[in-house]
Amino acid sequence: MEKITTRADMRHYAARHGAETGFVPTMGYLHEGHLSLVERSRAENRRTVVSIFVNPAQFNDPGDLEKYPVDLERDFAMLRAAGVDAVFCPPRAEIYPRGVPPLQMAYPDLMRRLCGAARPGHFEGVLLIVHNLLQWLQPANAYFGLKDYQQYLLIKKMALDLEFTTNIVGCPLVRESDGLAMSSRNVRLSANGRTQALALSRSLFHAADLWKNGHTVAELRSALASGMASLRTDYAEVCDAHTLEPLHDKATRKAQTLIAVAAFVDDVRLIDNVLID
Ligand code: AMP
């Protein structure tokens with residue numbers, strides 16, 4: 001497995017292999033969720049490149065950035081075992097040689113919803129790094145998890161509007177056997193917090209059942225609120241999966257509905273969602 005640490009080498013790789021490459025951008029501390037993207041990329045491309053970069057531009061909370069788990073040797077071993085061809089793991093100065101630029105791409109309507117409301121600047125930082133990584137590597141396909149559904153939606157829009165040649169692929173959310181959505185941040189949970197965190201997925205599954213059985217949006221909201229009552233909840237929403245606008249009643253049922261939650265457990269911010277077709 002080749003290790004690439006500079007933008008120049010990333011561009012060289014692009015010139016030689018970009019057109020046959022599937023790309024999986026990550027912030028490291030990898031788990032089965034990340035590996036599911038790698039597997040999909042390997043099935044659909046001759047080469048797979050993974051990036052590991054904890055992007056400071058997308059952290060609105062400096063404490064969260066500082067505590068973000070890092071273990072590059074463990075990540076490399078997992079990627080090697082998964083058959084990845086190259087890993088791009090640049091130092092911070094390589095990505096932002098002049099500091100994080102104030103340049104922003106913004107979709108104001110989408111960005112003020114769900115995670116955007118409590119994390120100002122987060123999605124602007126995500127779009128900046130994904131834009132740059134895709135420019136440098138020029139992959140045929142890039143793989144993103146629906147765990148970060150709002151992020152996927154924004155990246156998909158950016159790729160369309162800026163006419164990227166890279167195809168943006170959304171991949172299913174991967175869970176632990178008890179339902180908890182896999183996340184690098186889960187390692188920061190205490191044993192008690194790990195149990196409390198199950199309230200997110202349980203509440204979502206319950207709400208999805210209610211939805212399928214024809215209950216109203218108001219009933220779903222109150223079920224979500226009571227299911228998550230023990231947690232400091234950031235949001236618990238039922239929305240149109242394309243616009244992320246909250247739904248108000250049964251009459252506004254959409255072809256695709258997203259039920260999404262964010263809450264703090266042990267001061268760790270966790271997100272989860274269920275997408276209903
Ligand atoms: P991160 O390292 O958390 O920035 O995530 C890198 C990529 O992996 C993003 O596209 C995430 O949506 C995806 N990802 C993270 N957790 C999961 C999961 N549990 N299931 C599927 N994809 C995930």
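Just so you know, ligand 1 is whichever comes first in the structure, and atom 1 is the first atom listed for that ligand.
- Those atoms of ligand 1 with a heavy atom of Met182 less than 4.0 angstrom away are 16 (N), 17 (C), 18 (C), 19 (N).
- The residue Ser183 has no part lying near ligand 1, judged by heavy-atom distances below 4.0 Å.
- Ranked by closest heavy atom to atom 6 (C) of ligand 1, the top entry among Ser36, Pro25, Gly170 is Pro25.
- Only the side chain of Leu37 comes within 4.0 Å of ligand 1, judged by heavy-atom distances.
- By the 3.5 Å distance cut-off applied to N or O atoms, Asp148 is counted among the residues near ligand 1.
- By the 3.5 Å distance cut-off applied to N or O atoms, Gly145 is counted among the residues near ligand 1.
- Here is the list of ligand 1 atoms found below 4.0 Å of a heavy atom in His31: 15 (C), 16 (N), 17 (C).
- Atoms of ligand 1 found under 4.0 Å from any heavy atom of Phe144, numbered from 1 in the order shown, are 10 (O).
- Looking at atom 4 (O) of ligand 1, its nearest protein heavy atom turns out to be Met27 CG, 3.6 Å.
- Checked against a 3.5 angstrom limit, the closest N/O atoms of Cys171 and ligand 1 fall outside it.
- At under 3.5 Å, not a single nitrogen or oxygen of Leu173, backbone or side chain, sits near a nitrogen or oxygen of ligand 1.
- Less than 6.0 angstrom separates the ring centroid of Phe59 from the ring centroid of Tyr68.
- Residue-level proximity to ligand 1 for His34 is carried by the side chain, the only part with a heavy atom below 4.0 angstrom.
- Considering backbone and side-chain N/O atoms, Val174 comes within less than 3.5 Å of an N/O atom of ligand 1.
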